[in-house]
Colleague: 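Please read through the structure below; I'll follow up with questions.
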Amino acid sequence: YLGVAETLLCGQIPFWQKQWPPNAALELPFLCYYIDGNTKAVWSKKHVPKHKVTMLGRVMGCLEQVFVNDCFGRPIYFETYSGHGPVGVYTLELMQKVEQHLQQAGHNGQVNRVLVMDSANNSVATLRAFAAQDRYHYITMLDGNQWSERKVRHEEAPERYRWGNATLYDGEIELTDSHAKGYIVLVRTVRIEWDNGKRTILLTSLPTTVGASLVVKAYFDRWPQQELVFRAMKGFASLHMVAGYGKQQLEDTTVRNKQQWLEEKIGTLRQLLQESLAQ
């Protein structure tokens, strides 16, 4: 609300450039940005935007922070939204804002960029927005309930995963847009059949010249490069907590009325059974 995110970004970029190693080599032939959100539960009597808080498993008032980390596990940028953070819809706009400040800090930007997101951001509207531009690619996961053999156009011959125990199937799948009836989007898929019997489906806009093993490695590198950063921040700085709010004990009228009804029923039964119990 105060608009301090951009000011913070302008100040921390030159600061982190002094702290980071000057010659960090890329492990992949492209630069990955890992994008994810962190939801903070808000306990308040006032009306606040609501969304699902995964940690508590309920829909309630919350704040959601959208974080951007680079492929070296370094946090670059974050924004806070009231309620649900539109990660998928405003991802491209967010990255343009970030790279505008990076270029001012001296980056020439001559590298292919891939945005790695979780399955919560793979709506067809987001995929169509990526297809309308040619600067950024994406890698995301497909939910299991969206996978169907009938939607698959074709799959290449299987190959073994270079960095794990799995078999990869490179292919294409047809996805429909729920907001535009009859509109079909053709997306490249990488089906991962793990040796332990589990299955994972990845969606990407990278061309087939980038092998399936590189796509899978780029996606799963987000766990040590971003998820572990989240875990450390939650343990050190209580990232999942909201300062200035606290839990309040409120009386549940439904439960209280049920308790009073049961107390009256028990009292009535005791009077009826008093003589029988005495005998």
Side-chain angles (χ1 to χ4, degrees), residues 25-36 68-73 87-89 91-92 95 110-178 180 182-227:
L26 290 174
E27 295 184 1
L28 297 170
F30 42 79
L31 175 62
C32 288
Y33 288 109
Y34 303 107
I35 301 176
D36 202 354
V68 180
N69 289 30
D70 64 4
C71 57
F72 305 106
V87 182
V89 179
T91 296
L92 293 173
M95 291 308 303
Q110 300 299 322
V111 65
N112 294 325
R113 288 157 170 77
V114 179
L115 309 185
V116 182
M117 306 171 290
D118 57 10
S119 58
N121 309 307
N122 62 357
S123 64
V124 177
T126 303
L127 304 186
R128 292 176 64 178
F130 274 93
Q133 51 83 46
D134 57 358
R135 180 170 176 79
Y136 300 96
H137 296 280
Y138 65 85
I139 302 176
T140 183
M141 183 183 292
L142 183 68
D143 290 333
N145 57 0
Q146 294 180 310
W147 170 258
S148 175
E149 298 290 346
R150 296 181 300 176
K151 297 181 181 179
V152 178
R153 277 201 174 184
H154 74 276
E155 285 186 337
E156 302 291 341
E159 64 175 274
R160 291 295 294 176
Y161 181 34
R162 197 181 308 170
W163 291 279
N165 300 322
T167 302
L168 309 181
Y169 296 85
D170 203 339
E172 288 182 331
I173 190 174
E174 295 179 349
L175 299 177
T176 57
D177 192 346
S178 58
Y183 191 92
I184 297 178
V185 179
L186 188 62
V187 185
R188 179 190 176 190
T189 62
V190 178
R191 178 164 60 93
I192 310 170
E193 297 291 346
W194 301 99
D195 291 350
N196 58 7
K198 296 183 179 180
R199 171 185 292 177
T200 305
I201 309 297
L202 297 182
L203 304 178
T204 181
S205 61
L206 287 168
T208 55
T209 53
V210 178
S213 291
L214 290 175
V215 174
V216 176
K217 176 176 172 54
Y219 180 82
F220 285 103
D221 278 352
R222 68 185 287 264
W223 298 105
Q225 304 295 5
Q226 183 172 40
E227 298 296 337

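Keep in mind it's a predicted model, so treat the numbers as computed, not measured.
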Colleague: Do R222's NZ or CZ and the ring of Y34 fall within the cation-pi criteria of under 6.0 Å and 45°?
Modeller: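 The answer is no; the distance or angle limit is not met.
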Colleague: Within the 4.5 Å heavy-atom criterion, are T208 and E156 side-chain neighbours or not?
Modeller: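 SC-SC contact between T208 and E156 ruled out.
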Colleague: Decide yes or no on side chain to side chain contact (heavy atoms under 4.5 Å, CB included) for Q225 and N69, but give the supporting numbers first.
Modeller: CA-CA 8 Å; Q225 304 295 5; N69 289 30; over 6 Å; no
Colleague: If we only count heavy atoms from C-beta on, is the D36 to E227 side-chain gap below 4.5 Å?
Modeller: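 Heavy-atom side-chain distance check passes, below 4.5 Å.
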Colleague: Would you mind checking if R199 and E193 are paired as a salt bridge, meaning a charged N to carboxylate O distance below 4.0 Å?
Modeller: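 Counted as a salt bridge, because a side-chain N and a carboxylate O are separated by less than 4.0 Å.
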Colleague: Just so I know, are the side chains of C71 and L31 near enough to count as touching, which here means a heavy-atom distance under 4.5 Å?
Modeller: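 Heavy-atom side-chain distance check passes, below 4.5 Å.
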Colleague: Kindly give the heavy-atom pair with the smallest separation between L92 and A129, and that separation in Å.
Modeller: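 Reported closest heavy-atom pair: CD1-O, 3.6 Å.
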Colleague: Can you tell me how far NZ of K151 sits from CD of Q146, rounded to the nearest 0.5 angstrom?
Modeller: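 One gets 6.5 Å once the value is rounded to the nearest 0.5 Å.
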Colleague: I need the minimum non-hydrogen distance between R191 and W147, along with the two atoms involved.
Modeller: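 Minimum heavy-atom contact is CD-CZ2, 3.5 Å.
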Colleague: Please check if the side chain of H137 supplies one atom and the backbone of S205 the other of a donor-acceptor pair under 3.5 Å.
Modeller: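 Yes, the answer is positive, given that a donor and an acceptor are paired below the 3.5 Å cut-off.
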Colleague: Does any part of the side chain of F30, heavy atoms only, come nearer than 4.5 Å to the side chain of V210, both counted from C-beta?
Modeller: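 Counting from C-beta outward, V210 and F30 do come under 4.5 Å.
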Colleague: What heavy-atom pair brings A218 and V116 nearest, and what distance separates the two atoms?
Modeller: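 Here A218 and V116 meet closest at O-CG2, 4.0 Å.
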Colleague: Is there side-chain contact between V187 and Y138, with heavy atoms separated by less than 4.5 Å?
Modeller: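 Yes - at least one pair of side-chain heavy atoms lies under 4.5 Å apart.
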Colleague: For the residue pair I184 and E174, what are the closest heavy atoms and their distance?
Modeller: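 In terms of heavy atoms, the two residues are closest at CG2-CB, 3.7 Å.
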Colleague: Is there a donor-acceptor pair under 3.5 Å between the side chain of T189 and the backbone N or O of L203?
Modeller: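 No, because the side chain of T189 does not come within donor-acceptor range (under 3.5 Å) of the backbone of L203.
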Colleague: Return yes if some donor-acceptor pair links the side-chain N/O of R188 with the main-chain N/O of D170 below 3.5 Å, else return no.
Modeller: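 Such a contact is absent between R188 side chain and D170 backbone.
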Colleague: Roughly how far, to the nearest 0.5 Å, is CG of L127 from OG1 of T140?
Modeller: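 Spacing of OG1 (T140) from CG (L127) equals 7.5 Å.
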Colleague: Evaluate whether atom CG of D134 has more than 12 neighbouring non-hydrogen atoms of other residues, nucleotides or ligands under 6.0 angstrom away.
Modeller: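 Open: at most 12 neighbouring heavy atoms sit under 6.0 Å from CG of D134.
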Colleague: Identify the heavy atoms of D118 and Y219 that sit nearest to each other, and give their distance.
Modeller: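 The answer is CA-OH, 4.1 Å.
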Colleague: Would a distance-only check, ignoring hydrogens and angles, find a side-chain to backbone donor-acceptor pair under 3.5 Å from D143 to N145?
Modeller: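 The answer is no, because no donor-acceptor pair under 3.5 Å joins these two groups.
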Colleague: Indicate yes or no for a side-chain donor-acceptor contact from Q133 to the backbone of F130 under 3.5 Å, with no hydrogens or angles considered.
Modeller: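 Yes, the answer is positive, given that a donor and an acceptor are paired below the 3.5 Å cut-off.
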Colleague: What's the spacing between R153 CZ and I173 CD1 if we round to 0.5 Å?
Modeller: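 It comes to 11.5 Å.
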Colleague: Any side-chain heavy-atom pair from C32 and D221 closer than 4.5 angstrom?
Modeller: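 A side-chain contact is absent here, since even the closest heavy-atom pair is not under 4.5 Å.
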Colleague: Exactly one of T204, V190, L214, V216 should register a side chain to side chain contact (heavy atoms under 4.5 Å, CB included) with I139. Which one does?
Modeller: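 So the option named by the test is T204.
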Colleague: If you measure from CE on M141 to CD1 on I192, what distance do you get to the nearest 0.5 Å?
Modeller: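 The distance works out to 7.0 Å.
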Colleague: So, for F220 and W194, is the gap between ring centers shorter than 6.0 Å?
Modeller: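 Yes, the ring of F220 comes within the 6.0 Å limit of the ring of W194, centre to centre.
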Colleague: One thing to verify: whether D70 and R113 come together as a salt bridge, which I'm taking to mean a side-chain N less than 4.0 angstrom from a carboxylate O.
Modeller: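 Between D70 and R113 there is no salt bridge, as every charged N stays at least 4.0 Å from the carboxylate O atoms.
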Colleague: Tell me the closest heavy-atom pair linking S213 and R160, and the distance in Å.
Modeller: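 Looks like OG-O, 3.8 Å.
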Colleague: To the nearest 0.5 Å, what is the distance between CE on M95 and CG on L115?
Modeller: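 Separation between the atoms: 5.5 Å.
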Colleague: Report the distance from atom OH of Y169 to atom NE2 of H154, rounding to the nearest 0.5 Å.
Modeller: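 Y169 atom OH to H154 atom NE2 measures 15.0 Å (nearest 0.5 Å).
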